[in-house]
Each structure stands twice: as C-alpha cells, then as structure tokens.
Amino acid sequence: MKILVPVKRVIDYNVKPRVKMDGTGVDLANVKMSMNPFDEIAVEEAIRLKEKGIATEIIAVSIGEQKAQETLRTALAMGADRAILIVSPTEVEPLGVAKLLAKIVEEEAPGLVILGKQAIDDDSNQTGQMLAALTGRPQGTFASKLEVEGDTIKVTREVDGGLETISLSMPAIITTDLRLNEPRYASLPNIMKAKSKPMAQKTPDDYGVDITPRLKTLKVSEPPKRVAGIKVADVDELVAKLKAMGVGA
Ligand code: AMP
C-alpha cells in the first residue's frame, strides 16, 4: 500500500509573525520557514506504518514555491521514499490544493492520504475534508491513533469532550492531531541519503487544475496588544481585586 503525505512549507512555529505595514499579509522576508508541524506528524505516522510492514511506499507532495523543495527533502530525510513538488509562484488556496491532490490520488492510487489537520499559517482546516469530498473517500479527521486491520482503519479522533473511535474502509483520508505521535528527527546519514531520493517537479497546468484564487484577503492586522498588569501585595488584595472585577461572582 502506498501512502501519500502532503506537506506544506509554513512560517516556523517559533517565529512571531509580523504583519506587513500595508496590512496585506504576513511579512515572510528573511523569516525561518519549516514543515507544518501537523505534517511532520503525518510523515512520522506514514513511516511507522511502513516500519510495521503495512505500507510499502511513502510519497511526499508539496504545492508551493521552489523553496518547498527543502520541506520535501526534510520529509525524504525522515523516511519518505519519493517526492512530488508542484510549483506555484502564488499561494494556492485549500480548494486548489485539494483538487491537485485529488489528481495525484487518481494517478498514484494510495491506500491512505495522511494530511495535517491544519496548516499553522492560515489555519484553514479544510484541505483534508475537501480532498475526501472530491475523491469520494471516507475521512478520519483529528486522528490521535490509527490501527490498520486488513482493509479497514480504526481512527481515534479528538473531539470536543473526549475521543471518538470510528472505522473506515480503505482507501481513506486521514488528518493528524497533535497527540498522534512525536515525529523523529532526521539523522545526518538520512539527510545525506535524502539528497539522492527522487523528486518530480510539476505545475498545476500539468494536472489541468485551475488554481485561480476564489478568496480575497481584505485586511490582516495584529491582535490587540495586551495591557500591562499590576502587582498585588498579597492574596487578600488579589481576592479583593478579583471580586471588584466580578470574577467568580
Ligand atoms: P489547511 O486546510 O490549509 O489548514 O491544511 C491542511 C493540510 O493540508 C496541511 O496540514 C497539509 O497536510 C495539506 N496542505 C495544505 N496546503 C498544502 C500545500 N500547499 N502543499 C502541501 N500540502 C498542503
């Protein structure tokens, strides 16, 4: 069974994003970029399924600018077998990404597609669900545990108020939640080996997919600044102040 893992190059989670002066977006000039953390979890899970003998090949795919190659090399260094880069000079919206992924699903016929639950740059949380709709495949979103049993996969999902376990028939679409696993670091020998793993380069046109944006960003702004706090002398003063603010009333 093949596993397809879409990985997005996003602003590193440790970086505090700066909004551009003109409010048109986030300033990405000279900012550290990394693989979307939920996608690292997806790559890790695919590798574990391969290590268990359930998967035979892991294909990483990224849609973005040329530099997304680096993100794919990271996936290859972690343990993916080959990569597909779909180059687009402009940001592709979740629907465009899902349409491109649907074409790759058609071509590669993977038993599982494991995506992140959301990309931490735009927090859309849409691509996996759209891909499931476009391909007519069952979806297990926000997965915190996966167990493959023959042609079915048991997915433990993180839902409000607890965990939900569902059983899907494969081929299926999965999106990862934070507690699914802890991704490994790529070792130096594996980073070297990744340089010679195959990476195909394509364009949206190769798949006949129209990626024209359907959404327009009107304005991006910083969250309001936190107002300064005050120091209290003791617990009594703290409780008095909280009461005055109506906290706990
Ligand atoms: P989103 O719907 O944008 O929050 O993204 C959810 C997941 O879809 C991500 O965690 C990735 O697995 C995948 N994805 C979204 N955009 C891209 C992209 N440009 N290239 C590769 N995978 C992507």
Side-chain angles (χ1 to χ4, degrees), residues 3-13 17 25-26 28 33-47 58-76 78 80 82-105 107-108 110 112-135 137 139-144 146 157-158 172-181 183 199-204 206-207 209-215 217 220:
I3 301 183
L4 184 70
V5 188
V7 294
K8 187 176 186 189
R9 179 175 183 266
V10 296
I11 188 164
D12 187 88
Y13 73 98
V26 169
L28 294 179
M33 305 290 281
S34 302
M35 186 189 299
N36 182 44
F38 293 108
D39 305 352
E40 280 184 354
I41 296 172
V43 175
E44 175 66 36
E45 198 62 19
I47 298 167
I58 302 166
I59 309 160
V61 54
S62 194
I63 297 139
E65 36 179 320
Q66 276 290 348
K67 284 190 180 151
Q69 268 191 41
E70 293 164 15
T71 313
L72 287 170
R73 287 283 170 218
T74 305
L76 294 171
M78 285 174 75
R82 64 185 164 96
I84 304 170
L85 171 65
I86 306 179
V87 183
S88 164
T90 53
E91 177 83 8
V92 183
E93 290 170 0
L95 182 60
V97 172
K99 284 181 178 171
L100 287 165
L101 295 176
K103 292 284 183 188
I104 299 179
V105 166
E107 246 176 50
E108 301 279 356
L112 286 175
V113 185
I114 312 181
L115 307 91
K117 74 167 176 181
Q118 72 192 52
I120 61 163
D121 51 0
D122 53 22
D123 277 347
S124 293
N125 179 0
Q126 295 173 353
T127 311
Q129 295 87 330
M130 286 174 167
L131 179 63
L134 290 170
T135 55
R137 294 183 167 197
Q139 59 181 304
T141 50
F142 311 106
S144 66
L146 298 180
R157 307 183 56 234
E158 303 220 356
I173 312 290
I174 306 293
T175 73
T176 63
D177 214 320
L178 206 59
R179 275 163 284 269
L180 182 59
N181 62 47
M199 187 183 302
Q201 189 155 321
K202 304 273 188 182
T203 66
D206 292 336
Y207 295 99
V209 171
D210 174 15
I211 55 157
T212 314
R214 282 158 170 78
L215 307 172
T217 302
V220 177

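Every number for a ligand or one of its atoms is a count from 1 in the order of the listing.
For the residue pair Ser34/Arg9, the side-chain donor-acceptor check at 3.5 Å is not satisfied. A donor atom on one side chain and an acceptor atom on the other are found under 3.5 Å apart for Asn181 and Glu45.
Listed by chain and residue number, the protein contacts of ligand 1 are Pro6, Val7, Lys8, Asn36, Asp39, Val61, Ser62, Ile63, Val97, Leu115, Gly116, Gln118, Ala119, Asp122, Ser124, Asn125, Gln126, Thr127 (heavy atom within 4.0 angstrom).
Summarising the geometry, atom NZ belonging to Lys99 is positioned 6.5 Å from atom CG belonging to Asp210; distances are rounded to the nearest 0.5 Å.
Look at Asp121 and Lys8 and you find a salt bridge, because one of the NZ, NE, NH1 or NH2 atoms lies within 4.0 Å of a carboxylate O, short of that distance. A salt bridge is defined here as a Lys NZ or Arg NE, NH1 or NH2 lying under 4.0 Å from an Asp or Glu carboxylate O, and Arg82 with Glu108 meets this definition.
Gln201 is linked by a side-chain contact (heavy atoms from CB on, under 4.5 Å) to Gln66, Gln69, Leu85, Val87, counting only residues two or more places apart in sequence or in another chain.
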